[in-house]
Every structure is written in structure tokens, then in C-alpha cells.
Q: 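Input: one structure, supplied below.
Per chain, numbering begins at 1; letters A, B, ... match sequence-line order.
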Protein chains: 4
Amino acid sequence: MNFGSDNTAGAHPAVLRALVECNEGAMASYGADPVSQRAEAAIREVLGWPEAVVRFVATGTAANALVCAQFAPSYGRIYCHDAAHIHRDECAAPEFYSHGAKLVPLAGEAGRIAPQGLAGAIGFGAAGSLNDGANALVSITNATEWGTVYAPDEVAALADVTHAAGLALHMDGARFANAVAGLGCAPADLLRGVDALCFGGTKNGALAAEAVVIADPARAQGLDYRRKQSGHVWSKQRFLAAQMLALVTDGLWLDLARRANAMAAALAQAIVAAGGALVVPVEANEVFARIPAHVHALLGAHGVGHSLWQEQPPAAGEPVVIRLVTSWATHEDDVARFRHLLDQG
Amino acid sequence: MNFGSDNTAGAHPAVLRALVECNEGAMASYGADPVSQRAEAAIREVLGWPEAVVRFVATGTAANALVCAQFAPSYGRIYCHDAAHIHRDECAAPEFYSHGAKLVPLAGEAGRIAPQGLAGAIGFGAAGSLNDGANALVSITNATEWGTVYAPDEVAALADVTHAAGLALHMDGARFANAVAGLGCAPADLLRGVDALCFGGTKNGALAAEAVVIADPARAQGLDYRRKQSGHVWSKQRFLAAQMLALVTDGLWLDLARRANAMAAALAQAIVAAGGALVVPVEANEVFARIPAHVHALLGAHGVGHSLWQEQPPAAGEPVVIRLVTSWATHEDDVARFRHLLDQG
Amino acid sequence: MNFGSDNTAGAHPAVLRALVECNEGAMASYGADPVSQRAEAAIREVLGWPEAVVRFVATGTAANALVCAQFAPSYGRIYCHDAAHIHRDECAAPEFYSHGAKLVPLAGEAGRIAPQGLAGAIGFGAAGSLNDGANALVSITNATEWGTVYAPDEVAALADVTHAAGLALHMDGARFANAVAGLGCAPADLLRGVDALCFGGTKNGALAAEAVVIADPARAQGLDYRRKQSGHVWSKQRFLAAQMLALVTDGLWLDLARRANAMAAALAQAIVAAGGALVVPVEANEVFARIPAHVHALLGAHGVGHSLWQEQPPAAGEPVVIRLVTSWATHEDDVARFRHLLDQG
Amino acid sequence: MNFGSDNTAGAHPAVLRALVECNEGAMASYGADPVSQRAEAAIREVLGWPEAVVRFVATGTAANALVCAQFAPSYGRIYCHDAAHIHRDECAAPEFYSHGAKLVPLAGEAGRIAPQGLAGAIGFGAAGSLNDGANALVSITNATEWGTVYAPDEVAALADVTHAAGLALHMDGARFANAVAGLGCAPADLLRGVDALCFGGTKNGALAAEAVVIADPARAQGLDYRRKQSGHVWSKQRFLAAQMLALVTDGLWLDLARRANAMAAALAQAIVAAGGALVVPVEANEVFARIPAHVHALLGAHGVGHSLWQEQPPAAGEPVVIRLVTSWATHEDDVARFRHLLDQG
């Protein structure tokens with residue numbers, strides 16, 4: 001049982017099969033191959049963005065940082081949640097790619113920025129002097145770093161605030177599949193007002209594949225050069241594109257996300273039954289819970305992969321906040337064993 | 001018949017098998033997995049660098065640029081051949097990663113820098129004022145961009161000049177396998193005095209895999225942060241490592257390179273037989289040849305993939321300089337058909 | 001009466017005289033002139049740092065950003081107070097110069113970081129993964145952005161925490177003169193454990209001059225190239241050096257700072273007498289005070305230059321927080337008129 | 001006699017007077033002062049660019065690098081003469097500011113790029129793949145680094161080539177005054193088709209002052225942020241602006257340049273009379289000449305400041321190529337003594 005992260009799983013068999021299948025024969029390099037063309041078209045269709053520019057990279061950090069550099073100059077301000085992956089977990093990749101853009105972290109309940117808080121923060125920046133830099137981009141994560149989701153209307157409301165002030169809206173969609181699956185909405189509904197989506201494949205079942213998707217081609221100018229200059233253009237790009245194509249074919253990406261979400265819900269139930277309390281609602285594939293010390297001890301004793309989610313080391317006898325993550329590969333048996341373990345505790 | 005590049009081929013079946021094999025079960029992410037550990041150890045052994053730091057990335061541009069940034073500050077000077085891939089073909093990735101380092105291109109016959117020319121250039125930089133920047137790195141490519149190779153003594157001589165002036169020596173080894181195979185030497189022989197090797201896997205039969213190898217761990221400090229900050233750390237890194245591991249297992253990498261080299265030699269023979277002339281000796285897997293106009297027309301008529309290798313468009317009736325590249329996937333039948341085609345011409 | 005900033009004043013006559021005096025005849029350019037040599041030596045002596053590397057630039061932002069880049073790699077973490085000028089007011093210059101270093105803002109009363117808070121923050125970073133970047137630099141401002149000062153022991157305590165964790169300590173000394181004057185200590189006392197000082201001249205009476213001072217020459221390697229590459233090396237550098245030399249000659253810098261501090265103290269007294277309350281103690285040349293609405297109206301009516309120091313616009317009838325800054329040029333008459341104005345109110 | 005450079009001279013008295021005059025009283029900081037406003041207006045008028053954005057910085061390197069970053073993205077190509085100051089003498093500042101833009105050096109007689117050569121080079125870049133980066137900017141220097149000048153029609157012809165290919169044209173005018181004075185044309189004549197001028201003040205008699213001038217305000221967007229982020233916005237900007245204002249008032253800048261040019265012409269005459277040969281025509285304030293060994297020995301013996309202008313050290317008895325530069329401060333007496341010295345030789 002490993003609920004440490006959704007990137008400790010391997011790749012879905014369909015993704016591996018796609019690699020083998022597209023291996024035959026010579027193909028044009030650097031993205032001029034037919035697999036890339038098909039994958040780009042398929043993603044445009046799935047997202048309901050017929051004009052979008054779609055480009056593939058291997059990591060979410062690369063995808064996010066490229067978008068940041070695309071929309072924010074070196075003196076730009078990028079607003080995001082204080083828990084945002086781009087702010088907390090990417091080793092300052094957005095700053096590196098943009099040559100200095102300032103990430104401005106915002107508070108917000110359960111990993112979500114609220115429109116009013118955003119409006120206030122942007123307004124402060126806009127009123128500022130040269131000292132502050134220039135407003136450029138708002139970045140939200142969906143599903144969020146706290147495993148919650150923005151609903152379509154919430155995204156649209158943030159987009160309104162963002163655009164009213166002349167900024168662009170980026171969605172870090174490392175777990176976009178989980179958000180869509182959790183909401184049961186159409187992908188396009190969740191993208192109203194979004195200017196750029198980093199559409200995650202890796203956590204969803206790929207080996208290493210993400211799509212940078214920019215809705216308006218006019219705003220994607222130079223993106224290919226940025227990818228090249230940062231070393232993210234594969235010569236044999238068919239192998240990157242084939243992964244994403246396999247995922248979006250026949251709805252596999254949503255099937256996998258639904259499974260992961262269902263497993264997370266089941267874990268949450270087991271935790272509550274064992275006397276734990278959810279820290280935030282479980283709306284995607286992550287569970288954040290405060291669990292009794294003896295339950296935490298149980299997890300340790302049985303080697304159940306999980307993350308400690310508090311700044312301080314746990315004090316003896318005190319409840320502990322943990323994070324559990326499920327993936328496409330999480331099996332019902334894993335969850336059953338987890339429940340059984342906690343029942344015993 | 002496609003001799004346009006060695007990156008139009010797919011991946012070697014053994015590499016794909018390795019991906020499938022390492023897919024089973026959960027593994028630690030970000031390089032802490034056993035496959036990565038094994039691959040790193042295998043490469044240290046193959047190269048005869050027992051202490052080296054080995055890290056994996058997906059593209060040669062990333063590998064080269066990371067090494068440039070590792071050894072050259074923003075105000076550093078990087079000496080390379082005028083035809084160097086880092087100077088001509090990487091969209092200024094070294095400048096981007098290093099934040100401004102200056103590439104100083106040097107002349108040199110058949111793609112090779114000569115020790116004397118290097119010494120002169122470095123000396124000029126060393127004598128210079130702040131205006132010139134600071135000497136930092138020498139970068140050579142082996143096999144070179146002209147399909148020739150530096151022999152072990154030539155590398156060692158360049159290393160002597162480099163180190164005497166206090167710089168470090170980088171080898172862009174996108175086709176290192178072809179160089180080793182062509183020379184029939186031990187890899188370690190070809191690395192005497194080299195401080196960092198970008199050990200290419202992609203052209204050699206991987207989907208997308210290169211190893212950044214730094215001989216002295218003390219000089220690799222911060223490299224992991226650089227990889228992370230530039231978005232080149234895969235969460236499921238086993239899939240990157242497994243490719244390189246498959247190649248260096250049981251000498252596959254050299255078998256594949258020998259095949260590619262042999263095919264290039266055969267192409268060269270056919271060209272000479274048809275009245276063409278080699279522009280430089282064929283020492284690895286590339287052929288640069290001046291061919292009669294009617295032969296060039298033949299290639300066009302039969303759709304034989306190749307590159308034009310001259311700045312001016314071909315003039316009617318005049319000979320044309322072309323480049324042909326072979327790969328692990330080039331088949332004897334391809335060469336036979338090529339020869340047959342030229343014989344007819 | 002203009003108490004809006006200490007950079008609205010002109011230059012002290014002695015500084016202008018120094019420019020005129022050093023204008024005679026040809027001198028070597030780019031810092032090899034005798035004025036620069038004398039100024040560097042004088043600053044080493046004044047600071048009690050006999051080995052220090054001293055270099056001149058025209059702005060505090062340049063000085064701070066150069067030090068940040070000197071001590072922090074692109075993936076470095078720089079800890080500073082949440083109100084730090086480098087974090088709030090320099091348009092992300094540290095990020096630009098360092099190519100992405102992450103500024104980590106810390107809370108702290110009255111503009112000062114506390115050793116314990118610093119230790120906790122650094123420790124968190126040190127324990128972190130690649131995601132967090134690497135600990136690099138601690139930056140404190142003295143006098144602080146809130147017009148308070150760190151005493152010698154407080155600086156030393158922060159230095160201990162900083163060095164114990166392997167980081168370097170930077171002091172933004174845009175108002176270093178005011179801190180030294182306010183404390184009445186020797187400059188060297190205030191620099192125990194400091195690795196780099198940005199020694200401000202502009203707010204102290206120069207036209208535009210600051211000194212970057214690095215205590216240990218071994219850590220100043222490359223600094224000159226950084227200055228050059230960022231366009232901060234003056235060809236006629238005598239004119240930059242002469243300003244700083246004039247200030248540190250015969251203790252002028254401290255005389256000017258003492259005057260500014262005394263004027264601030266007098267303003268504070270007048271404010272308290274008029275029913276205002278100091279937000280933080282006045283320890284240098286800045287006054288932060290909450291003043292009754294009718295007093296604020298008085299300032300406005302009489303065009304007294306000041307800054308509003310609260311995020312929200314003032315509500316009718318409510319007290320208002322303002323900042324007043326004095327400089328070398330603030331005259332007793334200005335203060336007397338200010339007091340008179342408030343007395344009337 | 002010091003003809004080593006035009007930056008070994010001090011500042012013209014009128015410039016120093018202007019500093020003293022503008023020192024009185026408090027003024028708004030960061031460029032909002034009346035002196036800056038007047039200086040900007042005066043420069044717009046002098047250049048005949050009524051809409052231009054004019055901004056002041058202290059060094060030519062800063063001015064050039066800011067323009068490069070303004071017009072070239074990190075993946076941009078900047079075409080310039082092989083001898084260009086931005087390419088040879090600015091420690092890769094353009095690369096640093098632009099975050100990696102590639103300088104593409106072009107050959108060209110006497111320091112001048114020819115339209116045909118430029119067209120060929122740009123065309124090659126335009127046809128290229130992602131590997132080459134994107135065409136962005138052409139930069140010419142007037143007067144050139146070889147002391148020659150582009151005439152109005154030559155500039156216009158280069159502008160045509162540049163704009164036809166969609167690039168912008170930058171003029172490094174560190175010695176713009178000398179070019180205008182040499183040609184006797186109106187400044188506006190020399191700026192037809194130029195998009196950005198770095199208008200030099202320092203070599204012309206300022207302490208340290210240059211103006212970045214961008215003809216079309218729409219292309220200057222973000223420039224102020226760039227200046228701020230790179231530490232080139234002075235808080236007491238009146239002192240920067242006053243220098244440029246003094247120079248352009250009543251044609252002083254052209255008077256000074258005419259003097260410098262005349263002195264250079266006289267030096268050239270003396271050299272030719274002494275058996276030397278000009279390497280390029282003397283069209284501004286620099287003399288490049290091949291002089292007999294015994295004349296070179298004379299210069300050395302009498303401590304005449306000059307630069308050696310050849311890569312190799314001089315061989316005994318062989319002629320030597322030197323550079324002499326005159327400035328606003330070069331006196332007729334200096335030239336007379338120089339002539340006298342050579343006459344004796």
C-alpha cells in the first residue's frame with residue numbers, strides 16, 4: 001500500500017502499448033510526425049478549444065514554467081495560492097524561465113483563491129509604482145494542492161477578475177483529469193476564461209507527458225522557441241505525443257481519474273470511521289486528514305506509504321495530519337487492506 | 001530510405017522492453033528508485049569513472065545546457081568549434097541556462113578544434129579586460145558535427161591546454177557511442193582530461209534519454225537543483241534511467257553504433273563509386289559528400305531522405321554537398337538499395 | 001516641508017565640490033583611477049574591514065541585487081524580512097540578477113527578523129527536497145524599513161544562526177549611516193558576522209553612489225564581471241568614487257546621519273504632542289505614526305510631504321498611519337514649522 | 001598627451017555647473033522631477049523625434065543592453081558587426097539582459113555592415129528551424145568602433161533591409177555626436193528608419209549619462225520596469241538628466257564633438273606625415289593607423305597614451321597598428337606636441 005504520491009505508480013498499460021505501436025519506421029523529428037499531429041488534434045477536441053496551440057513536454061514543472069515565461073515578463077507579477085505547486089515545489093522554475101517574475105502568494109481556504117481576495121491583491125499591484133513590477137498572470141491549480149476543486153463557476157469568476165484587470169489566467173492542471181472527473185462536468189465548462197492549461201498526463205497514467213495548451217494562438221507566439229531553448233523539444237517527439245494520445249483516446253484519462261477519485265473517497269471513509277477527521281473535503285484523489293496518534297503508528301508499523309503534512313514533527317500521543325494520494329493504479333484491494341488495518345487499530 | 005538524421009528512427013526494441021519491465025509496481029519518485037541507481041552505477045562502470053555523478057535528462061540540448069551552466073557563470077566564456085551543436089543548433093540554450101555566457105566559436109578542420117588554436121583563443125580571453133568576460137569552459141563534440149572523431153590523444157591534448165589555463169573540458173557526446181565504436185578504444189581512453197560528458201542515448205536507440213556525467217562530484221554541486229529548476233527531473237524517473245540502462249547493458253550501445261558506422265561507410269563507398277567526393281573522412285555515422293547534380297536529382301526523384309549541406313541553394317548542373325546520417329535502425333537493405341540506385345544513375 | 005523620502009533632497013555641497021575637484025585632467029577609466037583607490041581604502045578603514053573588496057555603483061537596487069547574485073545561485077533561497085526593500089521595492093531585481101533565486105519573506109516585529117524565527121525558517125528549507133531550492137543567503141536591512149535598528153548583538157546573533165546553517169549574511173545598508181549614528185557604536189561593531197554590506201551614499205547626501213563591500217575577498221570573485229555585465233561599471237568611475245570618498249572623509253557621513261536622526265526625533269515629539277502615536281520606536285530617520293484625522297487633514301492642507309502607510313484608503317474621521325522621513329537636508333526650521341502647524345491644529 | 005580613450009577625460013564644466021544648479025531644494029524622485037522632464041523634451045526636439053520615449057541611464061552598456069532586451073526575446077537573434085561594442089566589449093550584457101539572445105556577428109569593411117551582407121544573414125536566420133532562434137534586432141554603431149560613420153543613406157538602406165524582414169533597428173550612439181558632427185547633417189537625417197538610439201553623453205563630456213531613446217512609444221512598453229529591475233533608475237534622477245540637458249542645450253554636444261573630430265583629423269595628418277598609414281579613414285574622433293616601429297617607440301618613450309590595436313604583440317622593427325582617440329577635452333596644444341614629437345622622430 002503506497003499512498004505517498006500519484007507519481008510512484010508506473011504507466012498505464014495502454015500508454016506503454018502506444019509507445020510500442022508508434023515505434024515502427026522512420027518519422028519526421030521535432031514534432032512534425034503524424035502521431036504528434038493526431039495527439040494535438042485530439043486534445044483540442046477533448047478540451048473544446050478548436051483553435052488552441054498544443055505542445056508536449058515531459059514534466060509539469062516545465063509546462064508551468066513555460067506558461068509563466070510566455071505570459072509574464074521578467075518584471076511581471078504572478079498571483080497564485082500560497083500552497084501553489086509553482087510557488088512551493090518547483091525550485092523557482094517560474095522565476096528561472098521568466099528571468100525574475102515575482103510570485104505573489106495569496107491566502108485562500110482549502111487551496112482555493114477567492115475572487116475578492118484576488119481582486120484586492122491585483123488592485124494593490126496595479127496601483128503600485130515601478131517598485132512592484134507589472135501585473136501579468138494569475139495561476140490557479142485544479143484540482144488544487146489540497147485535493148479540492150474549483151467548480152466551473154468559480155473558475156469563471158476568477159477569470160472575470162483576472163481579465164478585468166488585464167491579466168491572463170493559467171490553470172495548472174497536473175490533476176485536471178481528477179477535477180473534471182470529480183465534478184462530472186465537460187472539460188470545456190471548467191476552462192471558461194482560462195488562457196492556458198497545463199494538462200497533466202504523468203499523474204494520470206503516462207510515463208512522463210504533459211501538454212501545454214494555449215487557447216488563443218496569438219498568445220502562443222514564441223512558445224516553440226521557448227521549449228527548444230529550454231531543452232524540452234524531443235527529437236523523437238512521437239514518444240511524448242503518443243502518451244497523451246493514448247490517455248485521451250476513448251475517455252481513458254477520465255476513467256483513470258474516476259478510479260483514483262473513488263479510491264480516495266474510500267480511504268477517507270475508512271479514516272473517518274477510525275476516528276480521523278478530514279482537514280478539507282475530498283473532492284479529487286487526495287485525502288488530508290488529522291488522525292489519532294495510534295492510527296498513525298499503525299500506518300508506520302505496516303509500512304503504508306503516506307506523507308506527513310504538518311510543519312512540526314508529531315508530538316507523542318497527539319493527532320497527526322497526513323496526506324494520502326491515490327492514482328490510476330490504486331487497487332480496491334489496497335483500499336480494503338487499508339480499511340481492515342484501521343478497523344483493527 | 002531515410003538518411004536525413006539519426007533521430008528519425010524509433011527506439012530499439014530492447015529499450016522499449018526495458019520500459020515495460022520496469023513498469024511493475026510503485027517506486028520512489030524523482031530518481032530515488034532502484035532502476036535509476038542501477039543505471040547510474042552501470043554508466044560509471046562503462047565509462048571507467050567510478051566517482052562520477054550521473055544524471056538523466058530527456059534531450060541533448062538539456063544535457064549540454066545544464067553542463068554549460070554548471071561550469072560557466074553568466075559572465076563566462078565557452079570555447080567551442082564554430083560548427084558546434086551548442087552554438088549552432090540549440091536556440092541559445094547554453095546562454096539561457098547560464099544567464100548569458102558567451103560562446104566563442106573557433107575555426108578548425110573537419111569539425112575539430114586544434115590545441116594550438118584553442119590555446120591562442122583562450123590566451124586572448126585571459127589577457128582581456130572585464131569587457132571580455134571570464135574564461136570558463138571548453139566544449140568539444142565527439143563524434144563531431146562533421147562526423148569525424150577526436151582520437152584519445154587529441155582529446156588529452158585539448159584537455160591539457162584547457163586545464164593549463166584553468167578552464168574545464170566538456171564533451172558533447174550525442175554520438176559518443178559512434179566515436180568509441182569508430183575508434184575501437186575503451187570509453188575511458190576517450191575521456192582522459194574530460195570533466196563532463198553528455199552521454200547520448202537518443203540517437204543511439206533510446207526514445208529520449210541522455211546522461212549528464214560529471215567526473216568529479218565536487219564539481220557537480222547544485223546540478224540536481226539545476227535539473228529541477230529547469231523542469232528536467234522526471235517524477236517517474238525509472239523510465240528515463242531504464243532506457244540508458246538497456247543501452248549500456250551487454251554492450252548494446254556499441255553494437256548499435258558499430259552498425260550505424262558500418263552503414264555510413266557503405267554509403268560513402270557507394271557515393272564515391274558514383275562519382276561523388278567525401279568532404280571529410282567518414283569516421284562515425286555521418287557522410288558529407290559533394291555529389292554530381294544528376295546523382296542529387298536521383299535522390300530527390302526516389303525520395304531518399306538526406307540534408308542539403310551548403311548555405312547557397314544548388315545551382316543547375318553544379319555538384320551539391322549533402323549530408324547522410326545512419327542510425328541503429330539503418331538496414332543493409334537500405335544501403336543496398338541506395339547503392340543500386342546510384343549504380344543506375 | 002517635504003518629509004516624503006530621503007531621496008527627494010539634493011546632494012550635500014561637499015559631495016558636489018568633490019566632483020568638481022576630481023574633474024581635472026585625464027584619469028584611467030573603469031576604476032583604475034587614484035580617486036577610486038583612495039575611496040576604496042577609506043571605506044575599508046571606516047568599516048574596520050581591512051581586507052574587504054569595495055566596489056561602487058549608482059543605486060541601492062544595483063548594490064543589493066549584485067550581492068544577491070554573488071551569494072545565491074539561481075536555485076538559491078534568500079531569507080529576508082517581509083518588509084525588506086529587496087522583496088517589496090526593487091521590482092524583483094534580486095531574482096533578475098540571480099536568475100531566479102527565491103526570496104523567502106519572514107515575519108518580525110518592527111521590521112526586524114528574530115534569530116529564532118530565522119532558525120526555524122532556514123531549518124525548514126534545509127530539510128526540504130529539491131523542490132525547495134538551496135539555502136543561500138540571509139538579508140537584513142539596517143536601519144530597517146520601519147526606521148528601527150538592529151543593535152550589534154542582534155546582528156551578531158543573526159549571523160550566528162546564519163553561519164551555523166552555512167548561509168551568508170547580507171546587510172542592506174541604504175541607511176547604514178543612520179543606524180550607526182542612532183546606536184552611537186563603531187561601524188565595525190555593527191558588522192560582526194556580516195559577509196556583505198551595501199553601504200548607502202545616496203540617502204546620506206550623495207547624488208547617486210553606493211558601495212558594495214564584501215568582507216572576504218575570496219567571496220568577491222566574479223563581482224567585477226557581474227558589475228560590468230549589468231552595466232554598472234562607469235568608465236569615468238572617479239565621479240562615483242569621489243562621492244563616497246567625500247562622505248566618509250572627516251566623518252561627514254555620520255554628521256549628516258545624526259542630523260537626520262535628530263530631525264526625525266523632533267518630528268516624532270511634535271506628533272505625539274499633537275495626539276499622534278508612534279507605530280514603532282523612532283531609532284533612525286523615519287517616523288511611522290498613527291495620527292488623528294484632523295492632523296492628517298492639516299498636513300494635506302499645508303502641502304507637507306509625507307507618505308500614507310496603510311493598505312486601505314483612510315476612512316473619514318479615522319486615524320491614519322503615515323511615514324515621515326528626514327534627510328541630511330532637513331532643516332530645524334522645517335521641523336519648527338511642522339511643530340507649529342500641529343500645535344495650531 | 002593621453003589619446004587612450006575618450007573616457008579618460010573628465011566632464012565638461014557646463015555639465016558640472018548643471019549639477020550644481022539643479023541641486024537646490026527637494027524634487028520628486030525616480031524621474032518625476034522637472035529637470036528630467038525638460039531633458040527628455042530637449043532630446044526629443046534635438047533628435048526630431050517628437051513622440052519618442054527618452055530615458056536616462058549612467059552607462060552605454062546599460063543603455064545598449066536594455067534596448068537589446070526590449071527588442072529581443074531570450075530566443076532572439078541580434079545581428080551586429082563583428083567589431084560591435086555590444087558583441088566584443090560588454091561582457092555579454094545583451095545576453096544577460098535578454099536572458100540568452102544570440103549575437104550574430106557580421107563581417108563588413110571599416111566597421112560598417114553592408115545592406116547586402118545583412119540581408120543574406122537575416123535571410124539565413126529566417127529560413128532556419130527552431131534551432132536558430134528567431135530574428136529580432138539589427139544593431140549598428142554610429143560612429144562605428146572603427147571611427148568611421150554611416151551616412152544617412154547608408155542607415156536608411158540598412159533600415160529598409162531590417163524592416164523588410166520584420167526586425168527592428170538599433171543604433172549604438174555612444175559617439176552619435178561625433179557621427180553627426182562628422183557628417184554635418186541633421187540628427188534626424190541620421191535616424192531615418194532607426195527604432196532605438198542609445199544617445200551617448202559620457203564620451204561627449206558628461207560624467208556618466210546616456211539616453212535610451214525609442215522612437216515609437218508603443219515599442220517602449222515595459223522599458224521603465226526593465227530599468228528599475230536592473231538597478232538603473234536613480235532616485236535623484238535630476239542629476240542624470242541634468243547632464244544630458246546641459247549637453248544638448250545650445251548645441252554644446254555638437255561643438256564638443258566637432259572639436260574632438262578636428263583633433264583626430266590633425267593627429268591623423270601628423271601620423272601620415274611621419275610615415276604612418278591610416279588603416280581606415282578618419283571620419284569621427286578615432287584614428288587607426290599603422291605606424292613605423294620607431295614612431296611607436298617614440299610614443300612609448302614619451303608616455304603618449306594610446307592603444308595597441310592588433311592581436312599579436314608587436315615584432316621588433318615591424319610596423320604597429322595603434323588606436324588614438326580624442327575627446328572634448330583634447331587641446332590643440334596636445335596635438336601640436338604630438339606633431340612636434342613625430343616630426344623629431
Q: Once you round to the nearest 0.5 Å, how far does CD of Glu90(A) lie from NZ of Lys228(B)?
A: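 Result: 7.0 Å between the selected atoms.
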
Q: Which region of Arg238(B), side chain (C-beta onward) or backbone (N, CA, C, O), has a non-hydrogen atom less than 4.5 Å from a non-hydrogen atom of chain A, or is it both or neither?
A: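 Only the side chain of Arg238(B) comes within 4.5 Å of chain A.
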
Q: So with a 6.0 Å cut-off around CD of Gln37(A), is the heavy-atom count from everything else above 12?
A: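 Yes - once you tally the heavy atoms of other residues, nucleotides and ligands closer than 6.0 Å, there are more than 12.
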
Q: Can you tell which part of Asp89(B) gets under 4.5 Å to a heavy atom of chain A, answering side chain, backbone, both or neither?
A: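 Interface part for Asp89(B): backbone (N, CA, C, O).
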
Q: Can you say whether Ala11(B) sits under 4.5 Å from chain A via the side chain, the backbone, both, or neither, judging by heavy atoms?
A: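 Interface part for Ala11(B): both.
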
Q: Surrounding CD of Gln221(B) (heavy atoms of other residues, nucleotides or ligands, distance under 6.0 Å), is the total greater than 12?
A: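 No, the 6.0 Å shell around CD holds no more than 12 heavy atoms from other groups.
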
Q: How long is the straight-line distance from SG of Cys91(B) back to CG of Asp224(A), given to the nearest 0.5 Å?
A: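 If we round to the nearest 0.5 Å, Asp224(A):CG and Cys91(B):SG are 10.0 Å apart.
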
Q: For Leu16(B), is it the side chain, the backbone, both or neither that has a heavy atom under 4.5 Å from a heavy atom of chain A?
A: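 Answer is side chain: those atoms of Leu16(B) sit under 4.5 Å from chain A.
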
Q: Please verify the inter-ring angle class for His232(A) with His232(B); under 30° counts as parallel, over 60° as perpendicular, anything in between as tilted.
A: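 Judged by the thresholds at 30° and 60°, the geometry between His232(A) and His232(B) is parallel.
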
Q: Can you measure from NZ (Lys236(B)) to OG (Ser5(A)) and round to the nearest 0.5 angstrom?
A: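 Output value for this atom pair is 9.0 Å.
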
Q: Taking Gly60(B), Ala26(B), Gly4(B) one by one, which has the highest count of heavy-atom pairs under 4.5 Å against chain A?
A: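 With the most close heavy-atom pairs to chain A, the winner is Ala26(B).
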
Q: Would you call the rings of Trp234(B) and Trp234(A) parallel, tilted or perpendicular, taking 30° and 60° as the class edges?
A: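 If you compare the ring of Trp234(B) with that of Trp234(A), the planes turn out parallel.
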
Q: May I ask you to name which of Ser230(A), Ala329(A), Ala58(A), Ala208(A) has the most heavy-atom pairs under 4.5 Å with chain B?
A: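 The answer is Ser230(A).
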
Q: Taking atom NE2 of His99(A) and atom NE2 of His99(B), what is their separation to the nearest 0.5 Å?
A: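 With rounding to 0.5 Å, NE2 (His99(A)) is 2.5 Å from NE2 (His99(B)).
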
Q: Is it the backbone or the side chain of Asn2(B) that comes under 4.5 Å from a heavy atom of chain A, or both, or neither?
A: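 Contact with chain A is through the side chain of Asn2(B) alone.
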
Q: Minimum heavy-atom separation for Tyr97(A) and Gln229(B), please, with both atom names.
A: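 Looks like CE1-O, 3.7 Å.
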
Q: Which heavy-atom pair separates Ser29(A) from Asn7(B) by the least distance, and what is that distance?
A: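 What the structure gives for the nearest pair is OG-OD1, 2.8 Å.
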
Q: Among Ser327(A), Pro13(A), Ala92(A), which residue forms the greatest number of heavy-atom pairs with chain B at distances under 4.5 Å?
A: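 Max contact count across the listed options: Ala92(A).
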
Q: Below 4.5 Å, heavy-atom pairs only: which of Asn23(B), Thr61(B), Leu240(B) has the largest tally toward chain A?
A: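 Highest number of heavy-atom pairs under 4.5 Å: Asn23(B).
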
Q: Taking all non-hydrogen atoms of both residues, which atom of Gly231(B) and which atom of Thr59(A) are closest, and how far apart?
A: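 Closest pair (atom of Gly231(B), atom of Thr59(A), distance): O-OG1, 2.7 Å.
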
Q: What part of Ala206(B) lies closer than 4.5 angstrom to a heavy atom of chain A: side chain, backbone, both or neither?
A: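 For Ala206(B), backbone heavy atoms alone lie under 4.5 Å from chain A.
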
Q: Could you look at Val57(B) and say if it's the side chain, the backbone, both or neither that has a heavy atom under 4.5 Å from chain A?
A: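 Neither the backbone nor the side chain of Val57(B) comes within 4.5 Å of chain A.
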
